[in-house]
Amino acid sequence: MELYDHQKIEKKWQKAWEKDGLYKTPDLPGRQAGKPKKKKYILDMFPYISGAGLHVGHPEGYTATDIYSRFLRMQGYDVLHPIGWDAFGLPTENFAIKSGIPPQESVKKYADRFEEQIRSFGFSYDWDRLINTSDPKYYRWTQWLFLQLYKHGLAYKKEAYVNWCPKDQTVLANEQVVDGCCERCGTKVEQKLLNQWFFKITDYADRLLADLDGLDWPEPIKAMQRNWIGKSEGAEIEFEISDSKVKRFVILHGKHGTSKLNFIPWLKSSLEKQGYEVQAPDMPGTEEPNDLEQADFVQKNCKLDKNTVILGHSFGGIVALRLLERGIGVHGVVFAATPMSSTFLDGKVRRTVAEAINRGFDFEKIKRQTDYVKILVDSTDTVVRLQDGDILADKLNSLKQLFAGTVPHFCGKEEPALLEALTSKIKVFTTRVDTLFGATYLVLAPEHPLVDQITTADQKNYVINYVIKSKEKTELQRTALEKEKTGVFTGGFAINPATKEKIPVWIADYVLMGYGTGAIMAVPAHDERDFEFAKKYKLPIRQVIEPPKVINALTDISPAPDGIFGVLPTDLESDCWIGDGTLINSGDYDGHKSEKVRMQMTKEFGQLKIQYKLRDWLVSRQRYWGAPIPIIYCDDCGKQAVPEKDLPVLLPTDVDFLPTGESPIARSKSFHQVKCPNCGQAARRDSDTMDTFVDSAWYFYRFTDPHNDKQWADKKQIKQWLPVDVYVGGAEHAVLHLLYARFITKAFRDFKLIDFEEPFSKLRNQGLILGPDGEKMSKSRGNVINPDEVIAEWGADAFRLYEMFMGPLEDSKPWNTTGIVGLSRFLEKVWRHGTRHPELDSGSSIKIHKLIKKIGSDIEFFKFNTGIAAFMQFLNENKSLSKQDLEVFLVLLAPFAPHITEELWHNFGHKDSIHQQPWPKFDEKLIEDKNVTIVVQILGRVRASFELPAGTSQQAVKDKAISNANVKKYLDGKQIIKEIFVPDKLINFVVK
RNA sequence: GGCCGAGUGGCGGAAUGGCAGACGCAGUGGACUCAAAAUCCACCGAUCGCAAGAUCAUGUGGGUUCGACUCCCUCCUCGGCCACCA
């Protein structure tokens, strides 16, 4: 008898399968032969390839999907089971910075090594469909995807704060910031405002949330996504600023404008209705305006003082600047669509705006003449350039705010953005509108656009200091680390719409600009954070909710459960009640319950608002090793999409990787300079690359048609294979990857590129494989198991079986170096059976039918560990097997241990592959038990058990039971008051 | 702090309302062997008992039930995710 030599056998069959194309994906499943479609798409989360090579965690999920794929093929399904490489990203780029080796080169090495390692497991991947996200043939379509989103308005650019390391001159991902410092050099990380591309995933928040219900995914993963999306319903309420300073507004129209044109009549009457004095002069020379002449006119005809706010629309903004430059002091200036470049689009002709701008301004002086400045930019503007807002903001140290005008250039009959900017009510979001009467102050985030406007002169220094300090803090520092709340009073007040009281407006960084409106109403009596803040700064605390009374129906439950009384506040001086209750100190609402009045109070004081925690997806990376963003900037035409025929936008190779503050590809002349696709003049490319999560948000589509160079994938192929039937991977991707892939799928459905909503019908997680010490494997701990060594010693089949046998797939479990011996022994035992050449028998046994049923059901439910136990038990209990039974046994085992079973199958004289055998069927009738074990219990305790034919009647079971000696002992002198009979299982006597 | 998951022999785990510890590892004893390896057989939660059997035992304490590892409540421990989300 030959010895079981896994090294020889495994290599031999891997070669043979490759040669025979055993795992090639069938083309256009079902359609060709005209039979009904019976496809399955079984997918692993493709690995992020790195120099570290394969980890023992990778093959866990891969083995599970391999077993499942083989099982399905044997059942007659057409199966798509592909693999590929996630290859763009930081680790490879950092290695390039250190070593000088281009990422293209190291990625090729990584890919080769990963392929070799994965192949050594004998997985049934279709290697013809291998993809690599860093291949131009792939990222061409990643760029195409970006353009699809851009064309449909789902990709946009805006200013965003990012983590910035001033020493390395680079942006850092959140994960690269450790304790507020740069992971690489230890420098304190700052927040920097940069112009970044975003995908509008928030448009899909409601659908991403609602559609989770229909997915066969692990509940914890769904819960994490729900949590991440973070829907809450509440009220948006406006608080008027109690600003006695502002008495009048002066509205200055632009070129071609008059006081009767555009929004001016509407704005004037709206402001007058609110009791303000409004001046909207018709300025001279409106067709060819002169800033000095118009400024003279305004100075002469309008009242301008510290109680005045100027609104300058378009060229009117230039006039406003000129007025301030002359030393005229006002309370505030609002610029709307003000041009700052030397030319602007006058009708269809581009011409010099005005000498005004060429003359220049004394911005330092201008800044001193006003308490605040607001710069409003219309994102749909076709007259002035969007970057003009940036220029002005830079000169005036102010933030620009982007709006969409109702008509481009804010030329609508009504422009609410302008009215809002002038009157400046503070909008807050609250889920507890029932506590409105208890709102004793407001708090703004330090970045809130109204901060400058509200802050009074005497508080200005404190506020500026505080805002600067909080800018230095990272998001992490602002939230987790510093529990102590800090803040500063602005000097300004607002009106509580319910009580009509004047309440102070504070700034504090416990309020986040990124959620809700960036402002809150503080109800210290009923919110822990507000309570803490109010105590520290001695702000008023007013109770408006009475906690519910404890119902004393608990007296008959004794003792009362712990904690039932503990939740009640005993003393509002030292604690606050955050639950619902009965309203007090709330006018007409007194005596009503929180939940009852919320809707009514929302209607009276504000409006219903649904708020999500989900933010738009920031995809810009100032990095080299990613897919370049396919956008071109032209001075005249603005942002231009790279035409699809010009894709891919290739990564340049004439770059060095040292971090200097811009994306490395910005310094490549060959890359950066380009002709505008619209007008042909010199323009420049976007020099950022895309987040690698964009690459992986669509790779499962590419697998259906990986070599297509005409489109991302053929529509027919997508329709054939998608959605993915089973997707297996780690829970660490619960939120980002899975959410992004769902978002892209929904967006593409809306673009009519596909016709389904959800990409992954069924998801299963694999758990972590820990080191032998029960800790997470890591180089520094020295507890890393190398899969190559394990395969060399024990073989791929033993490795696969061991990882499946360790425990439930989704559990984290430690690697036990001696544990694999058991699986190796099992395979040796299989080998001995298989090389024994047993006799044919008259038919297959009942036992093997039971095994067929057990294995089939265990694979179906991903219970591979108990399946393998069943194989072992079967061999333990059946010392000699007939040829029929043994062959069935091998076929059942083939998906788990493909090499040894193939070898033994051929040993039996078969010429075809065991992996192409049909999955055995079992006879349900045959495996019904003829005899069953009946358990006899007395008061629920087992006192005897015996075998009886299945279906024995209660009376017969009882007769047999009470004749048992041990049972008799327990029944002696007792009276049976009740019998519980479970047919074929047990009889239980309740005695007295 | 919030949400979620888990706690069973020396170890990995099995059993989702009906004989707790399947299967494997480790361990003990035996067979084979000059010996060892491999293999095979037996034992393998604790306590009592010659045995039959009994009692205790699935993190803690309670509850529901004829019967609870399993369902409900309290607490403890560990793990994961989120974290001042108004």
Side-chain angles (χ1 to χ4, degrees), chain A residues 218-228 230-232 234 428-432 435 443 475-476 478-480 482-483 485 508-512 514-523 526-530 532-533 557 559 561-564 611-615 731-732 734-735 767-768 770 772 774 776 801-802 805-808 810-823 825-826 828-829 832 863 865-874 876 879 933-945 965-966 969 977-982 985-991:
Chain A
E219 269 317 312
I221 302 291
K222 291 202 215 177
M224 276 190 238
Q225 292 218 349
R226 285 191 192 104
N227 220 306
W228 190 265
K231 179 177 179 168
S232 48
V428 305
F429 172 73
T430 178
T431 54
R432 289 299 304 276
T435 64
V443 188
E475 185 98 6
L476 279 173
R478 268 179 67 168
T479 55
E482 290 176 33
K483 278 281 166 206
K485 289 184 180 30
D509 62 12
Y510 80 91
V511 176
L512 308 171
Y515 182 75
T517 60
I520 61 159
M521 64 178 214
V523 186
H526 305 291
D527 181 282
E528 281 176 357
R529 295 152 303 182
D530 300 342
E532 194 192 316
F533 193 78
I557 303 166
D562 280 352
I564 265 262
Q611 195 59 247
Y612 296 93
K613 280 195 236 176
L614 186 69
R615 318 278 174 90
E732 68 273 18
V735 181
L768 276 184
L770 307 168
K776 211 169 163 174
L801 283 176
Y802 175 57
F805 186 67
M806 289 169 84
E810 65 277 12
D811 286 6
S812 285
K813 47 221 171 251
W815 181 278
N816 182 342
T817 312
T818 55
I820 196 166
V821 176
L823 286 303
R825 280 183 198 149
F826 166 70
E828 298 273 5
K829 202 184 271 190
R832 284 195 297 278
K863 291 171 68 174
N865 55 334
T866 53
I868 293 167
F871 281 122
M872 292 171 164
Q873 194 164 14
F874 182 83
N876 290 346
K879 302 297 174 198
T933 305
I934 306 276
V935 170
V936 185
Q937 295 181 338
I938 288 150
L939 286 167
R941 312 205 57 146
V942 178
R943 296 304 176 189
S945 69
N966 201 40
K969 207 167 72 188
I977 54 171
K978 196 176 172 187
E979 278 174 48
I980 290 99
F981 179 67
V982 183
K985 277 226 165 116
L986 91 159
I987 186 155
N988 184 12
F989 299 111
V990 185
V991 298

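Chain A is the first sequence line, chain B the second, and so forth, proteins listed ahead of strands; every chain is numbered from 1. Values below: all heavy atoms of this structure, side chains included; hydrogens, waters and symmetry mates excluded. This structure is a prediction, so every number in the text was calculated from the model and none was measured.
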**OP:** Spell out protein contact along nucleotides 11-23 of chain B as letters: B when the base is contacted, S when just the sugar-phosphate is, - when no protein heavy atom is under 4.0 Å; keep the 5' to 3' order.
**Re:** -BSSS--BB--BB
**OP:** Name the closest nucleotide to the A:Asp509 side chain, picking from B:A86, B:C82, B:C84.
**Re:**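 Comparing B:A86, B:C82, B:C84 against the side chain of A:Asp509, the answer is B:C84.
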Original post:
Of all the choices, B:C82, B:C81, B:U55, which nucleotide is nearest to the side chain of A:Trp228 once you look at every atom?
Top reply: B:C82
Rounding to a whole Å, what distance do you find between [X]:[atom1] and [N]:[atom2]?
| X | N | atom1 | atom2 | answer |
| --- | --- | --- | --- | --- |
| A:Ile820 | B:A26 | CD1 | P | 13 Å |
| A:Phe826 | B:C25 | CZ | C1' | 16 Å |
| A:Gln225 | B:C3 | CD | C1' | 15 Å |
| A:Lys829 | B:U39 | NZ | P | 9 Å |
| A:Asp530 | B:A86 | CG | P | 12 Å |
| A:Phe533 | B:A86 | CZ | P | 19 Å |

Original post:
What dot-bracket string describes RNA chain B from 5' to 3', counting Watson-Crick and G-U wobble pairs whose defining distances are under 3.5 Å, with [ ] for crossing pairs and | for pairs to another strand?
Top reply: (((((((..(((.....[....))).(((((.......))))).((((....))))..(.(((..]....))).))))))))....
Original post:
Taking atom P in both B:A31 and B:U47, what distance in whole Å separates the two?
Top reply: 27 Å
Original post:
Rounded to the nearest 0.5 Å, how far does CE of A:Met806 lie from CG of A:Asp811?
Top reply: 10.5 Å
Subject >> Min side-chain heavy-atom separation A:Lys485-A:Val511 under 4.5 Å >> reply: no
**OP:** List for me each residue that meets ring-ring contact (aromatic ring centres under 6.0 Å, His included) alongside A:Tyr515, sequence neighbours excluded, and say none if there are none.
**Re:**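 A:Tyr515 satisfies ring-ring contact (aromatic ring centres under 6.0 Å, His included) with no residue once adjacent residues are dropped.
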**OP:** Identify, with sequence neighbours excluded, every residue that meets ring-ring contact (aromatic ring centres under 6.0 Å, His included) alongside A:Trp228.
**Re:** none
Look for any protein N or O under 3.5 Å of an N or O in nucleotides 46-48 of chain B and output each such pair with its distance, or none.
none

**OP:** Have a look at B:G9 and give me syn or anti from its glycosidic angle (syn if within 90° of zero).
**Re:**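 Chi for B:G9 falls in the syn range.
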**OP:** Taking atom CD of A:Glu528 as the centre, report whether more than 12 heavy atoms of other residues, nucleotides or ligands fall under 6.0 Å from it.
**Re:** no
**OP:** Give a yes or no on whether the backbone of A:Trp815 and the side-chain of A:Tyr802 come within a donor-acceptor separation of less than 3.5 Å.
**Re:**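 No: the side chain of A:Tyr802 does not pair with the backbone of A:Trp815.
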**OP:** Applying side chain to side chain donor-acceptor pair (under 3.5 Å), name anything that partners A:Arg825, two or more places apart in sequence or on another chain.
**Re:** none
Original post:
Checking only heavy atoms, does the side chain of A:Lys485 share a donor-acceptor pair with the base of B:C84 at less than 3.5 Å?
Top reply: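 It does, because a donor-acceptor pair links the side chain of A:Lys485 to the base of B:C84 below 3.5 Å.
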Original post:
Do the rings of A:Phe871 and A:Phe826 sit parallel, tilted or perpendicular, given the 30° and 60° boundaries?
Top reply: tilted
Original post:
Closest nucleotide of RNA chain B for A:Asp527 versus for A:Asn966: which of these residues is on the 5' side?
Top reply: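 Going by which nucleotide is closer to the 5' end, it is A:Asn966.
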